[in-house]
Amino acid sequence: EALKAYSLGLRQRALGNEIESIPFFQRAIELDPRFALAHTMLSNVFGSLGESARGAEHGRLAFAYREQVTERERLIITYQHYDRVTGELQKSIASLLLWEQAFPRDYRPSNVLSVVYARMGQYERAVDKALEARRRNPDHPFPFSNLAHALRGLNRHDEARKVAEEAATRGIETLPTRRLLYQLAVQRNDMAEAGRHLLVVRGRSREFDMFGPQAHMATFAG
């Protein structure tokens with residue numbers, strides 16, 4: 001039953017529904033408090049939502065229960081421990097590179113490396129890893145989102161827009177992908193297009209992600 005709840009949470013994440021995945025992972029932990037990967041997923045979700053303390057706590061618990069998992073799962077938990085709990089970024093990257101090399105059909109290490117490199121301002125590396133993640137899993141929304149954001153970091157706005165629009169057209173965009181399209185539309189002064197993106201996300205659970213960019217625009221406009 002815990003595994004079933006965990007799997008349903010993964011399905012929600014694959015649809016780009018971060019918040020909707022939380023109850024499933026929490027249910028998995030209620031059924032099995034030592035379910036390390038469920039703790040790992042909650043660490044990822046809370047971290048992506050800006051709830052760093054809750055993300056770190058679940059990362060700590062996953063690390064504490066890591067002895068009962070497979071080698072691949074241990075690599076996942078180890079990278080996350082160094083990334084979210086101790087802040088030892090180079091050790092986190094080393095774990096991710098080992099995971100990427102050991103499991104060449106798994107898109108996740110390349111995907112996470114793209115996020116980490118973008119956070120470090122190493123956008124060329126972030127693009128390379130996002131492309132590799134997309135090659136490994138061409139139907140998952142996260143590589144598209146990370147690729148678009150990394151391209152924006154390099155000021156390659158037209159390419160970023162094309163990637164984000166492809167994800168939106170295919171129905172696999174995350175809300176941050178839609179937020180990026182809104183921001184790029186504002187930069188082009190295409191306010192009609194920007195407004196359309198706001199309408200698309202109205203009522204979604206992560207609609208709050210669009211309020212920050214709107215506040216930035218209002219501040220810039222005085």
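- Open room surrounds CD on Glu1; 12 or fewer heavy atoms of other groups in view lie less than 6.0 Å from it.
- Residues Glu18 and Arg13 approach most closely at OE2-NE, 2.9 Å, considering heavy atoms.
- Taking the charged nitrogens against the carboxylate oxygens, Asp158 and Arg188 have no contact shorter than 4.0 Å, which rules out a salt bridge.
- Within the 4.5 Å cutoff, the side chain of Ile22 has heavy atoms near those of the Leu49 side chain.
- Here the closest non-hydrogen pair linking Arg60 and Val85 is N-CG2, 3.6 Å.
- Shortest non-hydrogen contact noted between Ala36 and Val69 is CB-CG1, 3.8 Å.
- For Glu207, the CD atom sits in a packed shell: over 12 heavy atoms of surrounding residues, nucleotides or ligands are nearer than 6.0 Å.
- Put simply, Leu3 and Leu42 are part of the same group of oily side chains (I, L, V, M, F, W, Y) that touch within less than 4.5 Å, one to the next.
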**OP:** Just do the side-chain contact (heavy atoms from CB on, under 4.5 Å) check on Thr86 and Lys91 with the steps written out, would you?
**Re:** CA-CA 10 Å; Thr86 69; Lys91 289 184 178 180; over 6 Å; no
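- When side chains are defined from C-beta on, Phe103 does not count as touching Pro109, because their heavy atoms never get closer than 4.5 Å.
- Across all non-hydrogen atoms, the minimal contact from Glu20 to Ser205 is OE2-OG, 2.8 Å.
- Follow the hydrophobic side-chain contacts under 4.5 Å out from Phe220 and you never reach Leu184; the two are in separate clusters.
- Side-chain atoms of Arg152 and His157, non-hydrogen and from C-beta on, do get closer than 4.5 Å to each other.
- Using modelled atom types, one side-chain atom of Thr219 and one backbone atom of Ala215 make a donor-acceptor pair closer than 3.5 Å.
- Considering all non-hydrogen atoms of both residues, Gln80 and Gly59 come closest at OE1-CA, 3.7 Å.
- Ile19 and Ile29 fall within a single hydrophobic cluster, where Ile, Leu, Val, Met, Phe, Trp and Tyr side chains are chained together by heavy-atom contacts under 4.5 Å.
- A 4.5 Å side-chain heavy-atom check between Phe25 and Leu10 finds at least one atom pair inside the cut-off.
- In this structure a side-chain-to-backbone donor-acceptor pair under 3.5 Å is missing from His216 to Gln183.
- Dense packing is recorded around CD of Glu71, with more than 12 heavy atoms of other residues, nucleotides or ligands lying under 6.0 Å away.
- Scored by the salt bridge (charged side-chain N to carboxylate O under 4.0 Å, His left out) test, Glu165 finds Arg161 as partners (sequence neighbours excluded).
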Original post:
Hey, mind stepping through Ser145 and Glu173 against side chain to side chain donor-acceptor pair (under 3.5 Å) and telling me if it holds?
Top reply: CA-CA 7 Å; Ser145 180; Glu173 90 274 14; over 6 Å; no
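- Checked for salt-bridge contact, Arg170 and Asp139 meet the test: a charged N lies under 4.0 Å from a carboxylate O.
- Note: Arg179 CZ to Leu198 CG = 12.5 Å, rounded to the nearest 0.5 Å.
- Contact record, Pro143 with Asn137: CG-O, 4.3 Å, taken as the closest heavy-atom pair.
- Phe24 has its ring centre no less than 6.0 Å from the ring centre of Tyr6.
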Original post:
Yes or no on side-chain contact (heavy atoms from CB on, under 4.5 Å) for Met217 and Met191, after CA distance, side-chain angles and deciding distance?
Top reply: CA-CA 11 Å; Met217 185 183 73; Met191 303 314 296; 3.4 Å; yes
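- Separation of atoms CD (Glu51) and NE2 (His58) is listed at 9.5 Å; rounding is to 0.5 Å.
- Glu166 CD to Thr177 OG1: the interatomic distance, rounded to the nearest 0.5 Å, is 11.5 Å.
- Between Arg72 and Asp106 a salt bridge is recorded (basic side-chain N to carboxylate O distance below 4.0 Å).
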**OP:** Quick one: do Ser95 and Glu88 satisfy side-chain contact (heavy atoms from CB on, under 4.5 Å)? Show the steps, please.
**Re:** CA-CA 11 Å; Ser95 297; Glu88 297 174 270; over 6 Å; no
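- For the atom pair Thr78 OG1 and Arg66 CZ, the distance stands at 6.5 Å (nearest 0.5 Å).
- Outside the 6.0 Å centre-distance limit, the rings of His197 and Tyr182 are not counted as a close aromatic pair.
- To the nearest 0.5 angstrom, Ser43 atom OG is 11.0 Å from His81 atom NE2.
- Here the side chains of Arg202 and Met210 are not in contact, with every heavy-atom distance at 4.5 Å or above.
- Between Ile76 and Trp99 there is a side-chain heavy-atom pair separated by less than 4.5 Å.
- Using a 3.5 Å distance cut-off with no hydrogens or angles, the side chains of His140 and Tyr107 do pair a donor with an acceptor.
- Residue Tyr79 is grouped with residue Leu75 when hydrophobic side chains (ILVMFWY) are merged at heavy-atom distances under 4.5 angstrom, including chains of intermediate members.
- Under a 4.0 Å N-O distance rule, the pair Lys129/Glu132 does not qualify as a salt bridge.
- You'll find the side chain of Asn17 stays beyond 4.5 Å of the side chain of Arg11, heavy atoms only.
- With rounding to the nearest 0.5 Å, the separation of OG in Ser110 from CZ in Arg136 is 4.0 Å.
- A salt bridge does not link Lys162 to Glu159: none of the charged nitrogens lies less than 4.0 Å from a carboxylate oxygen.
- Criterion: ILVMFWY side-chain heavy atoms under 4.5 Å apart, direct or through other members. Under it, Val112 and Tyr117 are part of a common hydrophobic cluster.
- Between Asp128 and Arg125 there is no salt bridge, since no side-chain N of the basic residue sits under 4.0 Å from a carboxylate O of the acidic one.
- Side-chain contact check for Val116 versus Ile93: some heavy-atom pair is nearer than 4.5 Å.
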